[in-house]
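First up is the structure itself, then whatever we jot down about it.
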Amino acid sequence: MFSIHHLDIAPLASAGGTVRLPGSKSISNRVLLLAALSVGHTDIVDLLDSDDTQVMLAALAQLGCRLEPQPDGALRVHGLGGQLAVREAALFLGNAGTAMRPLTAALALLASVHSGTFALSGIARMHERPIGDLVDALRQLGCPIECLGTEGYPPLKLGDGLAHNLRLDQPIRVRGDVSSQFLTALLLALPLVAQQQAIVIDVVGELISRPYIEITLNLLEKFGVRVQREGWQRFTIPAGSRYASPGRLHVEGDASSASYFIALGAIAPVASGSDGITIEGVGLASIQGDIRFVEAARLMGAHISGEANALHIRRGAWPLKAIELDCNHIPDAAMTLTVMALYADGPSTLRNIASWRVKETDRIAAMATECRKLGAAVEAGADFIRITPPKAWQAASIHTYDDHRVAMCFSLAAFNPARLPVRIEDPKCVGKTFPDYFETLFSVCHTDTANIPVICVDGPTASGKGTLSVELATRLGYHLLDSGALYRLVGLAAERAGIATAQADLREPALAQRLGNLAAGMQVRFTGQQIFLDGADVTEAVRTEAAGMAASRVSAVPEVRGALLGLQHGFRKLPGLVADGRDMGTVIFPDAPLKVYLTATAAQRAERRHMQLIAKGIAANIDNLLVDLEMRDLRDTSRAHAPLKPAADALLLDNSELNVEQSVQQVLSWWQGKTVFSSN
Ligand code: DC
């Protein structure tokens with residue numbers, strides 16, 4: 001979503017409403033691989049669209065697997081039937097553990113049987129995440145594997161282009177106490193070579209994160225392979241196993257992603273007119289282990305009810321109740337408990353979480369450091385973290401370590417009782433599993449309007465307000481109000497209703513009222529760059545010079561200005577707004593913390609407008625443009641109602657000598673000076 005450096009979240013006051021979660025990452029990537037290995041095609045419904053699934057899809061496509069989006073939104077994966085379509089490939093797997101581990105196992109086996117060779121690599125952090133135990137297990141079978149960097153870590157070379165006989169008659173030993181993904185990888189891969197004989201896997205050490213193994217077994221069964229298990233120590237893949245597509249498969253919402261909204265419901269006062277938070281797409285019948293986060297949240301005081309495919313959450317105990325919990329069964333969702341612990345009535349301890357240290361980042365260290373920044377006292381050890389809530393909350397700029405869960409967790413710190421905003425650095429890292437996380441969060445969170453930041457950019461026509469405002473909004477992740485477009489729409493609507501704005505006397509009361517009614521009745525929709533008026537795309541039509549002149553005329557009518565007030569105020573939504581116009585700072589958002597008045601000489605502006613028009617292939621005469629511009633300036637500045645003028649507290653920016661980037665940097669630096677993060 002954001003091409004931005006950081007996202008400032010205003011202090012939040014309450015929450016209520018319904019969210020639909022994106023598909024589960026764990027299920028999505030397992031199902032993609034299973035579908036690719038199967039005989040027949042599989043239509044996958046509600047597949048997660050995120051960085052990690054993109055990585056898997058790109059790898060499968062490189063391996064010759066045909067992927068075909070269906071008209072109903074499903075993705076059809078044409079299975080390779082346990083064969084290799086491509087014998088050689090170099091796959092880049094980013095930081096997706098759910099792609100790296102299972103592909104390593106599957107491709108190591110297939111390369112050995114079918115004389116292939118594959119190189120697997122990822123980003124720098126992926127090359128620090130251990131895979132040695134899986135590599136050892138596969139080498140026991142006779143798969144040639146080389147660690148191309150450090151022994152025990154990616155990048156890897158699988159196979160040597162020759163066929164090898166695999167030793168499958170002995171039980172395969174794999175460690176279970178570092179990452180359950182090693183066992184998952186073997187369980188997903190070994191059915192490919194279990195045609196002749198049963199294959200036994202013995203887990204060495206205590207198996208962690210068992211619920212993830214349950215997801216694996218559950219999905220294997222959907223693809224026709226029924227693994228027998230003896231406790232959590234021994235798993236047997238029956239002889240004659242063969243993956244067969246179930247035809248169509250639905251991916252449930254991500255239970256780990258649900259944890260942020262369960263926590264939200266537990267922390268936030270219920271928004272008036274709502275019934276708390278409802279989560280759709282994942283519920284009590286989920287096959288994902290992280291659904292047991294519900295129990296942990298209940299222990300802390302949340303009121304949670306649910307159905308098979310939905311959850312309802314309301315705040316119960318407040319402050320939340322401190323807990324001591326073994327979190328081995330919910331390794332990912334447990335991070336969310338760390339942030340809930342900031343709102344508890346005493347210190348909370350989360351135990352048995354050593355696996356956090358080998359995830360996207362060292363999560364114990366990351367959570368400890370960032371909670372301390374907020375004012376909490378934190379004790380952390382090899383496999384535990386203890387959080388004592390802040391006595392005095394501090395405004396913090398949260399570093400996110402390229403870890404989606406750190407970013408999502410700390411957004412919830414915006415409910416702090418000190419009403420301090422929270423800065424999330426590199427917010428786009430949520431793209432790993434939940435690209436629309438912040439939009440979804442803001443869609444159910446409320447705060448006093450006065451807390452929602454607005455930057456006003458006012459100034460005369462062709463001063464570059466539009467360009468500057470778009471850039472500011474993009475970089476800050478804020479909404480954008482192009483108020484000029486609203487007046488242009490009124491001008492257009494008037495012309496379409498047969499009112500010749502150039503000839504008619506718009507001050508005439510009946511006509512003024514009619515224009516006001518027209519403005520009030522417009523159905524306006526802004527989607528990205530496009531503008532729709534009463535359902536029709538008018539993006540081009542509103543940008544013409546004629547529309548600009550009509551806008552300038554109708555905008556002098558008080559009834560029109562009044563009719564557009566509510567519409568403009570409606571743009572002030574979380575996380576913030578950049579408002580571009582003539583009276584943003586003086587009339588519409590007088591309380592805005594930053595007001596910029598942008599000017600340039602009339603000659604400069606005429607030249608810029610000239611270049612714009614030429615670039616669009618529209619012939620224009622620079623002298624005429626200058627005259628038009630001065631006429632509009634005169635009308636905009638001299639009208640009785642909301643004339644164009646700098647607000648008393650506006651900062652003047654003459655950009656005659658500045659390029660766009662210099663203007664953007666100037667405003668961003670003013671803005672930074674207004675935040676509590678200015679010293680960070
Ligand atoms: O910024 P623009 O050229 O799209 O604006 C078109 C006209 O609308 C401009 O001549 C004046 C009017 N306008 C206004 O009166 N108040 C605003 N907030 C924005 C635009």
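Positions are given from 1 along the sequence. Numbering of ligands and ligand atoms starts at 1, following listing order.
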For atom 19 (C) of ligand 1, the protein heavy atom that lies nearest, with its residue and separation: Ser483 OG, 3.4 Å
Within the 4.0 Å heavy-atom cut-off, what Asp583 brings close to ligand 1 is both
Near Gly581 (heavy-atom distance under 4.0 Å), the atoms of ligand 1 are 18 (N), 19 (C)
Evaluate Asn655 against Arg608 for side-chain hydrogen bond (donor to acceptor under 3.5 Å, both in side chains), listing each step before the verdict. CA-CA 12 Å; Asn655 67 3; Arg608 286 183 195 158; 3.2 Å; yes
Looking only at the aromatic ring of each residue, does the gap between the centers of Phe261 and Tyr437 stay below 6.0 angstrom? yes
Side-chain heavy-atom pair Asp633, Arg605 within 4.5 angstrom cut-off: yes
Closest approach of any protein heavy atom to atom 8 (O) of ligand 1, naming residue and atom: Tyr487 CB, 3.5 Å
Please determine if Arg632 has a nitrogen or oxygen closer than 3.5 Å to a nitrogen or oxygen of ligand 1. yes
Got the closest protein heavy atom to atom 7 (C) of ligand 1, with its distance? Ala551 CB, 3.6 Å
Does this structure show an ion pair linking Arg314 with Asp275, if we count only N-O contacts that are shorter than 4.0 Å? yes
Atom 4 (O) of ligand 1 - nearest protein heavy atom and its distance: Arg488 NE, 2.6 Å
Using a strict cut-off of less than 4.0 Å between a Lys/Arg side-chain nitrogen and an Asp/Glu carboxylate oxygen, indicate whether Glu360 and Lys432 qualify as a salt bridge. yes
Compare all side-chain heavy atoms of Ile455 with those of Trp671 and state whether any distance is below 4.5 angstrom. yes
Judged by non-hydrogen atoms, does Arg635 sit under 4.0 Å from ligand 1? no
Short version for Asp636: what comes under 4.0 Å of ligand 1, heavy atoms counted, is side chain
Sub-4.0 Å heavy-atom contact, Arg561 with ligand 1: yes
Take His399 and Glu425, measure what side-chain hydrogen bond (donor to acceptor under 3.5 Å, both in side chains) needs, and give me the verdict at the end. CA-CA 5 Å; His399 189 69; Glu425 296 171 12; 2.9 Å; yes
Are any of the side-chain nitrogens in Arg561 or Asp583 under 4.0 Å away from the carboxylate oxygens of its partner? yes
Just do the side-chain hydrogen bond (donor to acceptor under 3.5 Å, both in side chains) check on Thr539 and Gln529 with the steps written out, would you? CA-CA 8 Å; Thr539 317; Gln529 298 294 315; over 6 Å; no
Does ligand 1 have any atom that is closer than 4.0 Å to a heavy atom of Met549? no
For Lys465, counting its heavy atoms only, list the atoms of ligand 1 lying under 4.0 Å from any of them. 1 (O)
Return the closest protein heavy atom for atom 14 (C) of ligand 1 as residue, atom name and distance. Arg582 CG, 3.5 Å
Check ion pair Asp403-Arg405 (N to O, under 4.0 angstrom): no
Counting heavy atoms only, which part of Arg639 comes closer than 4.0 Å to ligand 1: side chain, backbone, both or neither? side chain
Atoms of ligand 1, numbered as shown, that sit under 4.0 Å from any heavy atom of Thr461: 3 (O)
So is Asp580 polar-close to ligand 1, meaning N/O to N/O under 3.5 Å? no
Which bit of Ser555 gets closer than 4.0 Å to ligand 1, counting heavy atoms only: side chain, backbone, both or neither? side chain
Are Phe589 and His569 near enough that their ring centres are under 6.0 Å apart? yes
Angle class for the Tyr343/Trp393 ring planes (parallel below 30°, perpendicular above 60°, tilted otherwise)? tilted
Shortest protein contact, atom 20 (C) of ligand 1 (heavy atom only): Gly484 CA, 3.5 Å
Per-atom contacts of ligand 1 with Met584, taking only distances under 4.0 Å to non-hydrogen atoms: 18 (N)
